[in-house]
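Here the structure comes first, spelled out in structure tokens, and everything after it is commentary.
Bear in mind that the values here come from a model prediction, so they are computed numbers and not experimental data. Both backbone and side-chain heavy atoms feed into the values below; hydrogens, waters and symmetry mates do not. A, B, ... follow the sequence lines: proteins, then strands. Residue 1 opens every chain.
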Amino acid sequence: QQQVKQSPQSLIVQKGGISIINCAYENTAFDYFPWYQQFPGKGPALLIAIRPDVSEKKEGRFTISFNKSAKQFSLHIMDSQPGDSATYFCAASTEETSGSRLTFGEGTQLTVNP
Amino acid sequence: NAGVMQNPRHLVRRRGQEARLRCSPMKGHSHVYWYRQLPEEGLKFMVYLQKENIIDESGMPKERFSAEFPKEGPSILRIQQVVRGDSAAYFCASRLTGMNTEAFFGQGTRLTVV
């Protein structure tokens, strides 16, 4: 019940294209859904996050879409750039029962070709 | 304000030795989390600590692993009698008190057991 499932495992996109990464969760107690970006040899860095009271959040080229009834959320990267090439992790947490510890998806390795 | 500092960045240990990983949280952060990342996998929660207290150690193996966050000084993750399967990247994250406040990650310690 604590799992977060992420797809695809890897994604190749042309420069200027849209990258879409999907995640699904089971635990309805989750109330915070962040996306992290990780470059090789570095720690994950928060990209954007959403709470279940909204269905969409946009920050620059990055948008999270959230579907509470389906227990799914996705990251859209518009106008993808080679500098976006990294591994992306979705995550979920709840303060109430687990002290905001993060449950991560398996990760998506994004490659944006020039 | 320095970020989350982890040291060492790389650690090589022979089977049977002890590994000691250190994490200094961001200034003012009283919540510390340790995660383990195996190659090509997502991050898995290990332990959640506040000053002088282990809040949740449900993700940490019962044997050989221990963690502490003393009143003074960094948080320490200790692995005794390391085995090859302990080879991984270990990340520390810290956050402020509050509902689902952002978790900031360190650069990780890459442990290699030979």
Side-chain angles (χ1 to χ4, degrees), chain A residues 1-10 21 23-25 27 29-54 57 59 64 66 86-110, chain B residues 2-10 21 23-26 29-50 53-60 67 69 88-110 112:
Chain A
Q1 194 179 19
Q2 290 293 323
Q3 280 188 321
V4 176
K5 295 190 176 180
Q6 182 172 347
S7 63
Q9 190 173 12
S10 62
I21 305 171
C23 284
Y25 64 98
N27 185 354
F30 286 144
D31 57 9
Y32 177 67
F33 302 89
W35 284 89
Y36 283 84
Q37 180 187 56
Q38 185 179 30
F39 292 104
K42 303 293 186 183
L46 180 67
L47 195 60
I48 186 172
I50 197 168
R51 299 186 191 279
D53 52 347
V54 297
K57 183 174 181 180
E59 290 183 1
I64 299 179
F66 185 82
T87 301
Y88 292 80
F89 293 97
C90 62
S93 71
T94 172
E95 174 73 25
E96 184 178 340
T97 56
S98 60
S100 293
R101 79 181 203 211
L102 293 162
T103 299
F104 284 88
E106 298 86 352
T108 296
Q109 190 162 346
L110 171 65
Chain B
V4 178
M5 304 299 292
Q6 288 188 249
N7 66 82
R9 292 290 311 277
H10 300 273
L21 289 60
C23 168
S24 295
M26 288 181 68
H29 288 198
S30 59
H31 300 257
V32 167
Y33 305 79
W34 286 92
Y35 294 85
R36 177 164 63 178
Q37 185 176 35
L38 294 169
E40 310 299 323
E41 292 189 13
L43 290 87
K44 304 294 185 191
F45 166 78
M46 297 183 73
V47 61
Y48 164 35
L49 310 104
Q50 294 181 24
N53 285 302
I54 298 174
I55 307 301
D56 180 357
E57 55 183 349
S58 60
M60 198 158 66
F69 187 16
Y90 292 83
F91 290 96
C92 169
S94 74
R95 69 178 186 94
L96 289 167
T97 299
M99 287 285 288
N100 289 316
T101 52
E102 179 180 348
F104 292 84
F105 283 80
Q107 301 238 44
T109 294
R110 278 147 188 86
T112 302

* **Any residue meeting salt bridge (charged side-chain N to carboxylate O under 4.0 Å, His left out) with A/K57, in chain and number order, not counting sequence neighbours** => A/E59
* Asked: Relative to chain A, which segment of B/I55 carries a heavy atom at a distance below 4.5 Å: side chain, backbone, both, or neither?
  -> neither
* To do: Under 4.5 Å heavy-atom distance to chain A, tell me which part of B/Q37 shows up: side chain, backbone, both or neither.
  => side chain
* Interface residue of largest heavy-atom contact number with chain A, from B/R9, B/E41, B/Q6, B/R110, under 4.5 Å -> B/R110
* Asked: Donor-acceptor pair, A/Q38 side chain versus A/F89 backbone, under 3.5 Å?
  -> no
* Asked: Within the distance-only criterion (no hydrogens, no angle test), does the side chain of A/Q6 pair as donor or acceptor with the backbone N or O of A/Y88 below 3.5 angstrom?
  -> yes
* To do: Please look at A/P34 and chain B and tell me whether the side chain, the backbone, both or neither of the residue comes under 4.5 angstrom of a heavy atom of that chain.
  => neither
* **Separation between OG of A/S93 and CZ of A/F104, rounded to the nearest 0.5 Å** => 9.5 Å
* For A/Q9, is it the side chain, the backbone, both, or neither that has a heavy atom closer than 4.5 Å to a heavy atom of chain B? -> neither
* **Interface residue of largest heavy-atom contact number with chain B, from A/E106, A/K42, A/Q109, under 4.5 Å** => A/K42
Could you tabulate the donor-acceptor pairs under 3.5 Å formed by side-chain atoms of residues 101-109 of chain B, not counting sequence neighbours?
unit_1 : atom_1 : unit_2 : atom_2 : d
B/T101 : OG1    : B/R95  : NH1    : 3.0
B/T101 : OG1    : B/L96  : O      : 2.6
B/T109 : OG1    : B/P8   : O      : 2.5

